Amino acid sequence: MRRLLELPGLQGLRRFVRPWMVIAVAGLLAVGVVEVVAGSGPAGYLLGALGALVGVILLPMATQLGLLAGSFVFGLRVRHIVFGAMRALGSWTVGRVTITLRALPVTIGSEIGPWRKPVILRCWLAGLVSALTGIGIVVVSWLLADGPFGRGFVLAATPLMLYKLWPRRVPLATSTGWLLFGLPRMPEPKRTEFCAGPMAARAYEALREGDLDRAQAVTDELTAEHPELNTTVSCRVSMHEARGEYAQAVMMLLQHISAADIPPREMSYTLAGMAGLGFAAVEAGQLPADDLLPLSKKALDDAVKLGFPPFDLSGTRGLLALVEGDVDEAARLAAVGSDHNTSPLARADCYATLARAHMAQHDNAAAREALTKAEELAAWWPRVRETRARLQVS
């Protein structure tokens, strides 16, 4: 199963399969027991299994839709909405929201964060809408459960909803229960970090638009107010990266890691970022490979050990493969990253890696095609500009 999920077309299923697989299997076993007791026979079991499958798919989609509705109503930032898994069929931008449609419509994902004060109250209310939506689905399913299909749905949806109400926050995933029960009790300095989110989001939005002066102004303001926060360091590092100053970004992160007490979740982000910046610094010749590559590889491995999904590091791993001269693997991983990454800047960077891998394969036509896609996303991004210069020379 693990090897199957690493195929490019199926990698997008990882987030859907992993969390719910145990619950789905348990639900199917429970359906079998219930239908045997009810005397439904093989046909009843199949209907019950179908109901359980629908419950496993529908309940998470319902809670996510509830979270999206609550986010729009209560003023959170919704940056990206993804319908489905596997390969992207198309993307559209509506206002500040990018909507991506994928091939297999079994899940909904989104990037949601704070945008304006009061931050914690707005997030808690959005989580409440999500919880009420899911609980409403479960209650209605209990009231209407009649026959094998309904019983199967109930047996899958009920424990799944309980699981979603369990407070849990890991890299790239936050449960409904954490928004309801964990967020209000968040201690310092995590509370201040969370409340600084709107300012960091504005800096990132400016970067997305290529307005480095505005992004720097917001970052400077954040630095003046909260110089010690992980969020502040992340914004300052992003500004260095946006200017192609990879060595300075790496040094800043190394100093921050050695001086600060960073929680595991935030540390996974920090290490993943340091790995990518380290590979970029080596590629650009800003720092010696002999010293930095082993350190950056360890940062990449440690980020995964701390819970960062390997799938979401495809672009970083592609850059590493390119630096090490494995251009075929670099092209494969960069293609996966460009297809599945939700950040336009990260996607542009992946396309730049893909273009450089094609150039190393002596396929300049494919390189120009990849570079065109990168320029549509962020023509000003340093690695995109440098790739264009290399192609013009060649």
Side-chain angles (χ1 to χ4, degrees), residues 6-9 11 237-238 240-250 253 271-304 308-394:
E6 289 185 355
L7 294 173
Q11 285 202 31
V237 166
S238 295
H240 282 302
E241 182 181 17
R243 294 190 172 98
E245 299 166 351
Y246 308 117
Q248 292 93 321
V250 170
L253 280 179
L271 291 173
M274 194 183 80
L277 288 167
F279 300 148
V282 170
E283 181 194 42
Q286 295 183 11
L287 289 171
D290 291 343
D291 296 333
L292 191 56
L293 269 185
L295 185 64
S296 299
K297 288 181 182 179
K298 186 177 187 308
L300 188 65
D301 292 339
D302 288 346
V304 173
F308 203 101
F311 164 67
D312 291 282
L313 292 168
S314 296
T316 304
R317 291 161 54 211
L319 178 53
L320 171 60
L322 182 64
V323 168
E324 294 187 324
D326 189 350
V327 293
D328 292 338
E329 183 69 358
R332 185 186 74 83
L333 289 169
V336 171
S338 62
D339 185 57
H340 288 279
N341 210 302
T342 56
S343 163
L345 298 183
R347 290 182 63 208
D349 201 80
C350 287
Y351 277 123
T353 300
L354 181 59
R356 294 183 183 196
H358 285 316
M359 290 171 64
Q361 294 170 325
H362 307 292
D363 188 351
N364 283 358
R368 291 189 181 92
E369 182 180 349
L371 184 59
T372 298
K373 294 178 180 178
E375 291 176 328
E376 290 173 356
L377 293 164
W380 61 271
W381 190 247
R383 293 188 72 240
V384 176
R385 289 201 321 265
E386 293 162 7
T387 305
R388 170 57 66 188
R390 291 187 188 184
L391 263 177
Q392 289 175 341
V393 170
S394 63

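Side chains included, hydrogens not; waters and symmetry mates left out as well; all remaining heavy atoms used. Computed from a predicted structure; not experimentally measured.
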Leu322 vs Glu329, side-chain contact (heavy atoms from CB on, under 4.5 Å): CA-CA, chis, key distance, verdict: CA-CA 8 Å; Leu322 182 64; Glu329 183 69 358; over 6 Å; no
Within the structure provided, determine whether [X] and [Y] are in side-chain contact (heavy-atom separation under 4.5 Å).
X	Y	value
Glu241	Trp381	yes
Thr353	Cys350	no
Leu320	Leu293	yes
Val304	Leu313	yes

List for me each residue that meets ring-ring contact (aromatic ring centres under 6.0 Å, His included) alongside Phe308, sequence neighbours excluded, and say none if there are none.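 Testing Phe308 for ring-ring contact (aromatic ring centres under 6.0 Å, His included), a comparison that skips the adjacent residues, returns Tyr269.
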If I compare all heavy atoms of [X] with all of [Y], which pair ends up nearest, and what's the gap?
X	Y	value
Ser296	Gly278	OG-CA, 3.4 Å
Ala299	Leu271	O-CB, 3.5 Å
Ala360	Val327	CB-CG1, 3.3 Å
Pro294	Asp290	CD-O, 3.4 Å
Leu277	Ala249	CD1-CB, 3.8 Å
Ala378	Leu345	CB-CD2, 3.8 Å

To the nearest 0.5 Å, what is the distance between [atom1] on [X] and [atom2] on [Y]?
X	Y	atom1	atom2	result
Asp363	Gln361	CG	CD	7.0 Å
Leu354	Glu369	CG	CD	9.0 Å
Met359	Arg390	CE	CZ	6.5 Å

From CA spacing to verdict: side-chain contact (heavy atoms from CB on, under 4.5 Å), Phe279, Leu292: CA-CA 8 Å; Phe279 300 148; Leu292 191 56; over 6 Å; no
Under-4.0 Å salt bridge between Asp301 and Lys297: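 Looking at Lys297 together with Asp301, the answer is no, because their closest N to O distance does not fall below 4.0 Å.
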So that I can tick it off, tell me whether Glu376 and Lys373 are bridged by a salt bridge, with the cut-off set at under 4.0 angstrom between side-chain N and carboxylate O.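 Salt bridge absent between Lys373 and Glu376.
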Would you mind listing every side-chain hydrogen bond (donor to acceptor under 3.5 Å, both in side chains) that reaches into residues 272-281, with sequence neighbours excluded?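 Listed once each, the pairs would be none.
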All side chain to side chain donor-acceptor pair (under 3.5 Å) counterparts of Ser238, not counting sequence neighbours: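 Checked Ser238 against side chain to side chain donor-acceptor pair (under 3.5 Å); zero matches.
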Taking side chain to side chain donor-acceptor pair (under 3.5 Å) as the test, write out the residues that go with Asn341, two or more places apart.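 For Asn341, no residue satisfies side chain to side chain donor-acceptor pair (under 3.5 Å) once neighbours in sequence are set aside.
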Restricting to pairs with a member in residues 341-351, which pass salt bridge (charged side-chain N to carboxylate O under 4.0 Å, His left out), not counting sequence neighbours?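 Qualifying pairs: Asp349-Arg383.
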Under the salt bridge (charged side-chain N to carboxylate O under 4.0 Å, His left out) criterion, do Arg332 and Asp328 qualify, and how do the steps go? CA-CA 6 Å; Arg332 185 186 74 83; Asp328 292 338; over 6 Å; no
Arg356 and Glu386: CA distance, side-chain angles, deciding distance, salt bridge (charged side-chain N to carboxylate O under 4.0 Å, His left out) verdict: CA-CA 10 Å; Arg356 294 183 183 196; Glu386 293 162 7; 3.3 Å; yes
Is Gln248 reaching over with its side chain to a backbone N or O of His240, donor-acceptor style, under 3.5 angstrom?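 No.
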Would you confirm whether Glu283, through its side chain, and Val323, through its main-chain N or O, come within 3.5 Å as a donor-acceptor pair?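 No: the side chain of Glu283 does not pair with the backbone of Val323.
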Apply side-chain contact (heavy atoms from CB on, under 4.5 Å) to Ala355 and list each qualifying residue two or more places apart in sequence or on a separate chain.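 If we apply the side-chain contact (heavy atoms from CB on, under 4.5 Å) test to Ala355, skipping adjacent residues, the hits are Ala367, Ala370, Leu371, Thr387.
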Val336/Phe311 under side-chain contact (heavy atoms from CB on, under 4.5 Å): CA gap, chis, key distance, verdict: CA-CA 9 Å; Val336 171; Phe311 164 67; 4.3 Å; yes
